[in-house]
Structures are given as structure tokens and as C-alpha cells.
Amino acid sequence: MFALIDCNSFYASCEQAFNPALRSRPVVVLSNNDGCVIARSKAAKALGVPMAAPYFQIKKLCERHNVAVCSSNYELYGDISRRVMSILADFSTESEVYSIDEMFLNFSGFDLLGVEAHALKIVQTVWQWAWIPVCVGIGPTKTLAKVANAAAKKQSKNGVFILQDQDTIKKHLAKTPIEDVWGIGRRTAEKLLQLGVKTAGDFTLLDARLVRQQFGVVYERTLRELQGVACLKLEDIEAKKNICSSRSFSRPVTELAEMEQAVTLYMTRAAEKLRAQDSYAQAVMTFIQTNRFKPLKPQHYAGKVVSLVSASQDTCVLIKAAIEGLRQGFKLGFQYQKAGVMLLDLIQNNERQFDLFTPAPDQKRETLMKTIDNLNNRFGRHTAFFGSAGLKHDWQMRCNHLSKRYTTQWDELPTCH
DNA sequence: TCTGGGGTCCTAGGACCC
DNA sequence: TCTGGGGTCCTAGGACCC
């Protein structure tokens, strides 16, 4: 058996956990640059605020109903996530962090009563220790645990839903729309609909060979998982194969000098992530684009890859390469709306190759990077930074409704009176 | 005025090897 | 009429996830 634990309206719940005044109000959290809605508390959903709606389209609705609007505060959400995950991991010998707000647990070896009691204990403990509401879905496969979790959110009173015996599973899948199944996206749902498959139950009646032939092996696995045959196991966290950092600007940017500052900042962040998983990049891509929502303005997209002579995790080397790529792609006369960098072809330390002509790794540089990371971890991001990032960033993304980083910054700790 | 930011896996097809 | 049988590596594009 597998359990999937999913935090309810995670970002909105994080905001409510630290700000009691928000608990009695509907809450929405906006994407970076205060662009779209990416999380809604239960009350905000009930008001009809749609997921992914651009904020400017629902601003009036929010004002009318006294909805609390929050900018994304990923430093807070990331830290709360780590706390929740560490609580959850203690409820099984085997776990998988699936996303910032979801964890799979191995739940084998319980009888039905034991399963339910254990799941209830999870809901209660996370609420008591982290002030985050969660739901638990349980099933014989990961895909069925996902289905069960959705049911826990929708129809259970205590936050737990168990899909165990064949009969219950069959009845429940017959009520589950096919597009709600994990792994079935919009495109595939449309194709399935043409075959007359409307529900997960219909899907389980299809022939596995036909599904493999027409849709591919991924969907055959989904089929078998729904039929109760576990094809997916819990996964370990592996090093990322690509690392990306990108942001939209708060206003159009036309000057190369400002773009260079942005690219420096983004690469600084990407390089931190790279070193945090102790990888090395062999190539760097820089991309820039104009505002695709303004088709009447001149449009330009450029993504330039620069290969490195030898794999590196040195921010200076990576920034240089990123700026080189930027200069290749940048054109005067366009209003750029977004820029980003990607670290590509990542390898681990023991996979690095050296040759006679490239300089040996520089111990001093490695120590310097470690020191910078330590400083920034301890005293807050951007304590030590690179000169090419510049000092004034009025193009930086909007975040007009930002809450405090209550758990990760000394000067933003909550105070009690 | 205003529209996010990350990732993964699989497949098909081309180019090449013996 | 008719032209083998086995591989690998790489890339682009599609589809999906949160």
C-alpha cells in the first residue's frame, strides 16, 4: 500500500499559519511578478477564484470579498515544506518527497483499521506541529493513492480516504473523470474521449496492448496502476540534470546593461543550486524574450548555448558564459519582458574529465565559493554578491504583497505581544 | 498597466558503427 | 519482383507533473 499526503492549499496555508488575521479571510497567493493565482484557500475557491487566473482579471472580485492577496514567498514555503516533510518521513521507513507539498509513504503491513488510525495520526500531527492542514490518500498503487487523495480533499470529513478492496476501487473509479487521473493530461484525455473513455473506470477496461500501441508505455503503466498492479515504486531524490533560473521583469527592459545585471543575478542563484547538489555544468544557456501577450509589438526570442572548456561550478565562470550568450542573442530595439539562464549537461564530481590543456581545479576558487555560500546561508541571500549584478534593480519582479520570511531571516522573526 | 517558474520522461528519426 | 541484422548516440518535440 502507498499513502500520498498532500498539503491543502499549501502556499495559502503557509500564509495563514503565521498570520492569524488571515485565517478568517479567503486567501490567494500570486505567482512571481504578482502575475497569476497559484494557490487559493478553501474560502477563495468557494468564491469562484479560478486557478491560474491573471491577477488583474480578478482584482475587483478580490476587493469586493475582502480576499487577502499574497505575493509568492518561496523562502517561507520552502522552509515550511522541509519541516512538514521531516514530520511525515517519521511515519514510515520509506518515503519520497514528490513535490513541495506532497509526499508518498510506503504503507505496507497494516490491516485496514491500522491504516486509518495511522493516517489520522498524520493529519493530526502535521496540524499540531506545523499548522498545515493535510489530506491522506491510500491505495495499492501510487496512482490509486493519488486518486484517493483527491477524494480525501473533496469528500472526506477527517482528511483520510482509503481505496483498498476491489469493489470500492471499481465503484470509485467509475465516478472519476479520466482527465483527473495522474499522468493523463488534456491532450490524452481528448484522445481517450474519442474512444469513448470518459472515466478512469472506462480506461481500466481497455486492452493493455492497445494502450501501449496507441499511447505508449507511460500510459500502459497508468492503466495497470489503476487496475491495481503497482508499476511505480518510491523514488530517491536524484541530482537534477538541468537547473534553470528565470524571471519576468516588472517593466520592459531595453538596455543591454540592465539585462546583464539580471542575467548575473539569475546565474548567481542557479550556481547556488548547482553547488547545493554538488554538480558541475558543462554548458550554459541564456534566453531572453519579449512579451508574448503583446503580439502587436516587435517580438524576439533568443536562446544561446555556450559550452564550457571544462565543467564548472564557479559562479564567476558561469556568469561570464551567461553574459557571452546574452550578448550573442540580445538585439537593440526590442522590449524584453523576461530573461533566464539554464545550466546544462550537469555531471557529478566523480564524472569530471580533465585533459593536459585545461588548468587543474583551483582549490582557492572552490574555497571562495564555499565561503560565499556559507555567508549567504547564514546571513541571508545576497549578503555577498557579484559586482556585475549592479546595485539598483528597478526592473526586478513585482511583489507588492510579500509576507515576512518568518523562519529563515533573523530580522523577520515573528514577535509576540 | 497587468498573463509564473520550475522540472521529467519517452519517442521518432537521423547518423553512425560492425 | 527481390537488397540483413544488430546496435549506439544525439536531438527535437510532445506530453506530462507541481
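Bear in mind the structure is a predicted one, so any value in this text is a computation, not a measurement.
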- prompt: Do A:W182 and A:F104 make the cut of ring centroids closer than 6.0 angstrom?
  reply: yes
- prompt: Going by an N to O cut-off under 4.0 Å, is there a salt bridge joining A:R224 and A:E220?
  reply: yes
query: For A:I184, which contact category applies under a 4.0 Å heavy-atom criterion: base, sugar-phosphate, or nothing?
result: sugar-phosphate
message: Within the 4.0 Å heavy-atom criterion, would you say A:E102 contacts the bases, only the backbone, or no part of the nucleic acid?
response: sugar-phosphate
query: Taking NZ, NE, NH1 and NH2 as the nitrogens, is one of them in A:K146 or A:E102 under 4.0 Å from a carboxylate oxygen of the other?
result: yes
- request: Assign the ring pair A:F107 / A:H118 to parallel, tilted or perpendicular, where the plane angle (0 to 90°) is split at 30° and 60°.
  value: tilted
task: Pick base, sugar-phosphate or nothing for A:K59, based on heavy-atom distances below 4.0 Å to the nucleic acid.
output: nothing
message: Under 4.0 Å, heavy atoms only, any strand: does A:S72 hit a base, just the sugar-phosphate, or nothing?
response: nothing
message: With a 4.0 Å cut-off on N to O distance, would you call A:D394 and A:R251 a salt bridge?
response: yes
query: Contact class for A:R251 vs. all strands (heavy atom < 4.0 Å): base, sugar-phosphate, or nothing?
result: nothing
message: Mind checking if A:F215 touches a base, just sugar-phosphate, or nothing, with heavy atoms under 4.0 Å?
response: nothing
message: What contact category does A:R221 fall into here, base, sugar-phosphate, or nothing, at under 4.0 angstrom with non-hydrogen atoms?
response: sugar-phosphate
message: Using a 4.0 Å heavy-atom cut-off, does A:F293 contact any base of the nucleic acid, only the sugar-phosphate backbone, or nothing at all?
response: base
query: Knowing that exactly one of A:R269, A:E272, A:R275, A:K320 qualifies, which makes a side-chain hydrogen bond (donor to acceptor under 3.5 Å, both in side chains) with A:T315?
result: A:R275
task: Check every strand shown and say whether A:D34 touches a base, only sugar-phosphate, or nothing at a heavy-atom separation below 4.0 Å.
output: nothing
task: Tell me which of A:K273 and A:G216 sits closer to the 5' end of DNA chain B, going by the nucleotide each one is nearest to.
output: A:K273
- request: Give the ring-plane orientation class for A:H401 versus A:Y55, where under 30° counts as parallel, over 60° as perpendicular and anything between as tilted.
  value: perpendicular
- request: Identify the 5'-most and 3'-most nucleotides of DNA chain C with at least one atom closer than 4.0 Å to a non-hydrogen atom of chain A.
  value: C:dA15 to C:dC18
- prompt: Hey, does A:V181 reach any base, or is it just sugar-phosphate, or nothing, if we go heavy atoms under 4.0 Å?
  reply: sugar-phosphate
statement: DNA chain B nearest-nucleotide lookup for A:R398 and A:S248: closer to the 5′ end is A:R398
field: Short N-O contact, A:E324 and A:K304, less than 4.0 angstrom
entry: no
query: Is A:D373 paired with A:K370 through a side-chain N to carboxylate O contact shorter than 4.0 Å?
result: no
task: Could you give the distance separating C:dC18 and B:dT3 at their P atoms, to the nearest angstrom?
output: 25 Å
- request: Can you run through DNA chain B from 5' to 3' and write each base as (, ), [, ], | or . depending on how it pairs? Watson-Crick or G-U wobble, both distances under 3.5 Å.
  value: ....||||||||||||||
